[in-house]
Amino acid sequence: MKKQVVLYKKLSPPLMARLHEQAQVTLIEDLGAQGLAKLRGALPAAQGLLGASLRLDAELLDLAPRLEAVASVSVGVDNYDIDYLTQRDILLSNTPDVLTETTADTGFALILASARRVVELANLVRAGQWNRNIGPLHFGSDVHGKTLGIIGMGRIGEALAQRGHFGFGMPVIYHSNSPKPAVEQRFGARYCSLPELLQQADFICLTLPLTDQTLGLIGREEFALMRPESIFINISRGKVVDEQALIEALQQRQIRAAGLDVFEREPLGHDSPLLQLNNVVATPHIGSATFETREAMARCAVDNLLAALAGQRPANLVNPQAWERRKAAV
Ligand code: 8YV
């Protein structure tokens, strides 16, 4: 008997075919009001869920008494009530590794775009305002040789350090839960405290997950430690930053510029003060958004889900305790 799977993210035809072969699939095309109503109606029969960008909390999960596994098409899992999933023995999986390089590329795209004012000056050309040689009024800042500060030295932080060290000759300093000797050896990186990093780095990059510990980590005090020529980059989660404090730091020139791919609320409000600032490069959460990587992530999520529904341990299990509880109950 095929398991009942509810899909709330469209998959490519080959992945859809693979899923249909092994499961009874209900596709929720979008997460608007109608889509959410359809999702809620499908949850009572659901044994597997696959998708992303949906807050999966106890209220929704209580509509799914038969749920065995949730496969997220993301590496971040801050939108899942992991404790409740574990309590219910529901296996949650994610898609790390496959998106690491692409997301680090996005980080460097923002470093270069914000340092060299690429968006602002490209818009000046497009607006027909390039009427003379560019002068100091439009100069940007160098990237090569500047100090790269990385907050959160996980897979993506490491990939960013690799790009900075080997690609741009940047000294790398970092702050994370614990020192990473292998990273220090590979990239000549130096571990330092958060205040030290904020005071010393030319580029301050957030590459850490959103947790109870990192919520609001970068606020007024932290921006006040940064140097006026420093540039702030966020490719992690918007809520790691006090966004009002960021806006004030930019308006008051406490920092030179910001490259932001994530925001407290997404999509970013059209009236956000961030969009009135020339020294902000804002992208719509494109961290992993390439054809190749999103297909690899979806493939990884399908592998995880089908393994879990077949009674096997998914390769990328977020809550191993749920697996242990499952095994103990057999
Ligand atoms: C997208 C991400 O949000 O993987 C994550 O955690 O933030 C991005 O890759 C995700 O892929 C949703 O589709």
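One-based numbering, in listed order, for ligands and for the atoms of each. The first residue of the sequence shown is numbered 1, and numbering continues consecutively from there. As a basis for the values below, the full set of heavy atoms in this structure was taken, side chains included, without hydrogen atoms, waters or symmetry mates.
Just one residue in the list Arg18, Arg299, Glu295 forms a side chain to side chain donor-acceptor pair (under 3.5 Å) with Ser12, and that residue is Glu295. Between Glu158 and the options Arg186, Lys180, Arg163, a side chain to side chain donor-acceptor pair (under 3.5 Å) holds for only Arg186.
In this structure, Ile28 shares a hydrophobic cluster with Val6, Tyr8, Leu31, Leu36, Leu39, Leu43, Leu49, Leu54, Leu56, Leu60, Leu61, Leu63, Leu67, Val70, Val77, Tyr80, Ile82, Tyr84, Leu85, Ile90, Leu92, Val318, the cluster being traced through Ile, Leu, Val, Met, Phe, Trp and Tyr side chains under 4.5 angstrom apart.
Listed by chain and residue number, the protein contacts of ligand 1 are Lys9, Ala52, Ser53, Val73, Ser74, Val75, Gly76, Leu99, Arg237, His285, Ser288, Arg294, Met297 (heavy atom within 4.0 angstrom).
The ring pair (Phe, Tyr, Trp, His ring centres under 6.0 Å) search around His175 returns Tyr191, not counting sequence neighbours.
Using a cut-off of 4.0 Å between Lys/Arg side-chain N and Asp/Glu carboxylate O, Arg326 and Asp89 are scored as not salt-bridged.
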Quiz: residues 145-152 side-chain donor-acceptor pairs under 3.5 angstrom, not counting sequence neighbours:
residue: Lys146; atom: NZ; partner: Asp142; partner atom: O; Å: 3.3

